[in-house]
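Notes follow the structure.
Here the structure is a predicted model, which is why all the values come from computation and not from measurement. Atom set for the values below is all heavy atoms of this structure, side chains included, hydrogens, waters and symmetry mates excluded. Residues take their numbers from the sequence shown, with the count starting at 1. Remember, it's 1-based here, ligands and their atoms both numbered in the order they're listed.
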Amino acid sequence: MLLTLTTTHQPATDLGYLLRKNPARSQSFSLSFGTAHVFYPEATLERCTVVLLVEVDMVGLVRNRRRPSGEGGALDQYVNDRPYAASSFLSVAIADVFGSALSGRSRERPGLVDRPLPLHVKLAALPCRGGEKFLRSLFEPLGYRVAARRLPLDETFPEWGESSCFQVELEALLPLHAVLSHLYVLVPVLDNDKHYWVGDDEVEKLLRHGEGWLPLHPAREAIARRYLKHQRKLVDTALARLVDESEPDPDSSAESHAREEEAMEQSLNLNEQRLGAVSAALKSTGANRVLDLGCGEGRLLQALLKERQFTEIVGMDVSHRALEIARDRLHCDRLPPVQKQRLRLLHGSLIYRDQRLAGFDAAAVAEVIEHLDAPRLAAFERVLFECARPKAVVISTPNREYNVLWETLPAGQFRHKDHRFEWTRAEFQAWADGVAARFGYHVRYLPVGPDDPAVGSPTQIGVFHID
Ligand code: SAH
């Protein structure tokens, strides 16, 4: 089986340092089930490609009674797709041959380890049980551009039909260790099989290699199920721990946000004014089907439900606890059927592409962007404006200039400790103008709350729309 990895990061030959494999040499490594070869078909300063070629010794595997799982008779043990189809054998080879790169260590280039690099991955034959749609649902939320071509069973006998294998190309701007971890976990998930017995330690492996991306992945349940070979107990353990790991931060931030900021802003009754302004801006776009992204405890949803113009209202938040509070506030279990049909709450994160968000007229993102740090903000921009792409978007965020008028707020501090930034009007508008230009939207700005001649209003809103 064949994995090819190319970078155009400059100098591209840094790839050799990150992988700890010298581009000038071709090397072979003995594995428990065969041999892995590593070589570089090209290694210039502009472009560097490494190949991992894994040979599976089927005869050796059968002799050692380590035959791959699966049905079939005697012949099947020797003649099958395992030598060429990417599978858990490839994951083991990645861990054995590129172990330090996979775990994010580099003696020679430590500064490059977490740096997003332009990377192109090619898998010559990847079994995709679940088809191209499933393949995309795994990689696209992680920021990959995916190209896939289904391979025929045998090119010389087209009448035999198609195989379950695809030739797959993935392109992304991500740290190398992230790409290797994604492949390590997702290749066997796509194959939906493993060549070895899956026990408790497999849960640890999944969580370790899934760190930083799996807890919030929209397909995390399917990933855990397949990775753990559908063993209910293991899957339940993994999912419970994934939820734990994804939550503490957003939950505490949502809750403390709600309390602290609320107290400070109460004097102005800013919250009410903001809800009114966002709801009015949504209405003015003529939208019927609307999203409230980062809906928190559901105050805006409550206001939107009162407006009959909105026929479908979907709230999404990364915090389970906030969603539970929203469910209580909105009396979700006691709503009359007509109202119930209009409202849905989703658990999800705004930094991953999510097909559930596609096809809406408008989206509100109220007091959320200031909770996202810079790389996540960039991911959010694409998730919302490129992938979900509602016709209109209403974004509200604090105006930092106004903070000087708050007596209780010490100079230079943000309104809430979870805020990663608070923007001046000029900063917000520069960001929003850029987003609008990049994604083909127009944007206009509205103040919310008392509009001071020098420092403006406490909250600022950007209303984006497509022509
Ligand atoms: N929109 C609400 C809540 C604002 S508080 C209001 O105006 O009252 C910010 C909310 O954003 C919190 O509920 C927090 O859980 C949510 N949030 C933060 N990061 C998120 C992410 N990546 N995806 C989805 N929601 C997120």
Side-chain angles (χ1 to χ4, degrees), residues 141-143 212-213 215-218 220 243 245-266 268-282 290-304 313-330 345-354 356-357 362-384 387-388 393-398 414-422 448-449 458-462:
L142 297 167
W213 61 274
L216 296 174
H217 196 296
R220 66 182 180 194
V243 170
E245 282 168 28
S246 70
E247 296 322 332
D249 192 19
D251 271 343
S252 61
S253 83
E255 207 159 303
S256 44
H257 176 103
R259 313 288 163 260
E260 291 172 27
E261 207 173 339
E262 199 173 88
M264 191 169 60
E265 294 181 344
Q266 209 155 35
L268 298 174
N269 208 355
L270 188 57
N271 217 1
E272 296 282 299
Q273 293 188 44
R274 187 164 49 222
L275 292 179
V278 172
S279 168
L282 280 179
V290 292
L291 293 164
D292 179 8
L293 303 175
C295 62
E297 300 177 359
R299 287 200 177 83
L300 179 62
L301 293 172
Q302 201 171 27
L304 298 180
I313 303 165
V314 173
M316 182 169 109
D317 205 283
V318 74
S319 159
H320 267 302
R321 203 177 315 158
L323 287 174
E324 256 163 44
I325 298 173
R327 237 171 239 126
D328 277 351
R329 176 190 301 274
L330 301 165
L345 295 179
L346 303 177
H347 180 235
S349 169
L350 288 170
I351 55 174
Y352 295 110
R353 286 170 184 235
D354 190 333
R356 296 174 302 177
L357 305 183
V365 191
E367 309 297 292
V368 175
I369 58 170
E370 62 274 13
H371 293 268
L372 306 174
D373 49 29
R376 294 195 162 147
L377 188 64
F380 157 78
E381 290 166 22
R382 293 188 56 194
V383 167
L384 179 57
C387 182
V393 175
V394 179
I395 295 186
S396 83
T397 192
F414 292 152
R415 295 180 201 177
H416 183 265
K417 57 179 181 300
D418 190 55
H419 287 181
R420 308 302 154 94
F421 58 83
E422 281 175 5
V448 179
T459 297
Q460 44 188 342
I461 285 189

Who's closest to atom 18 (C) of ligand 1 heavy-atom-wise, of Val278, Val318, Leu275?
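Heavy atom nearest to atom 18 (C) of ligand 1 belongs to Val318.
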Heavy-atom proximity to atom 22 (N) of ligand 1, best of Ser349, Ser319, Ala379, Gly298:
Ser349
Which of the numbered atoms in ligand 1 are under 4.0 angstrom from any heavy atom belonging to [X]?
| X | value |
| --- | --- |
| Glu367 | 4 (C), 5 (S), 9 (C) |
| Cys295 | 2 (C) |
| Gly294 | 1 (N), 2 (C), 3 (C), 10 (C), 11 (O), 25 (N) |
| Ala366 | 1 (N), 2 (C), 4 (C), 6 (C), 7 (O) |

Check this for me, if you would: do Glu367 and Arg274 make a salt bridge, where the nitrogen-to-carboxylate-oxygen distance has to be below 4.0 angstrom?
yes
So do [Y] and [X] actually touch side chain to side chain, heavy atoms under 4.5 Å?
| X | Y | result |
| --- | --- | --- |
| Val314 | Val290 | no |
| Leu293 | Leu357 | yes |
| Leu377 | Ile369 | yes |
| Gln460 | Ser396 | no |
| Arg420 | Leu372 | no |
| Asp354 | Val383 | no |

Does [X] reach ligand 1, in the sense of a heavy atom lying below 4.0 Å from it?
| X | value |
| --- | --- |
| Ser396 | no |
| Val368 | yes |
| His371 | yes |

I want to know if ligand 1 touches Leu293 in the polar sense, i.e. an N/O pair below 3.5 angstrom.
no
With only distance considered, is Arg274 within less than 3.5 Å of ligand 1 through an N or O on each side?
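In this structure, Arg274 places no N or O atom under 3.5 Å from an N or O of ligand 1.
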Can you label the angle between the His416 ring and the His419 ring as parallel, tilted or perpendicular, going by 30° and 60°?
tilted
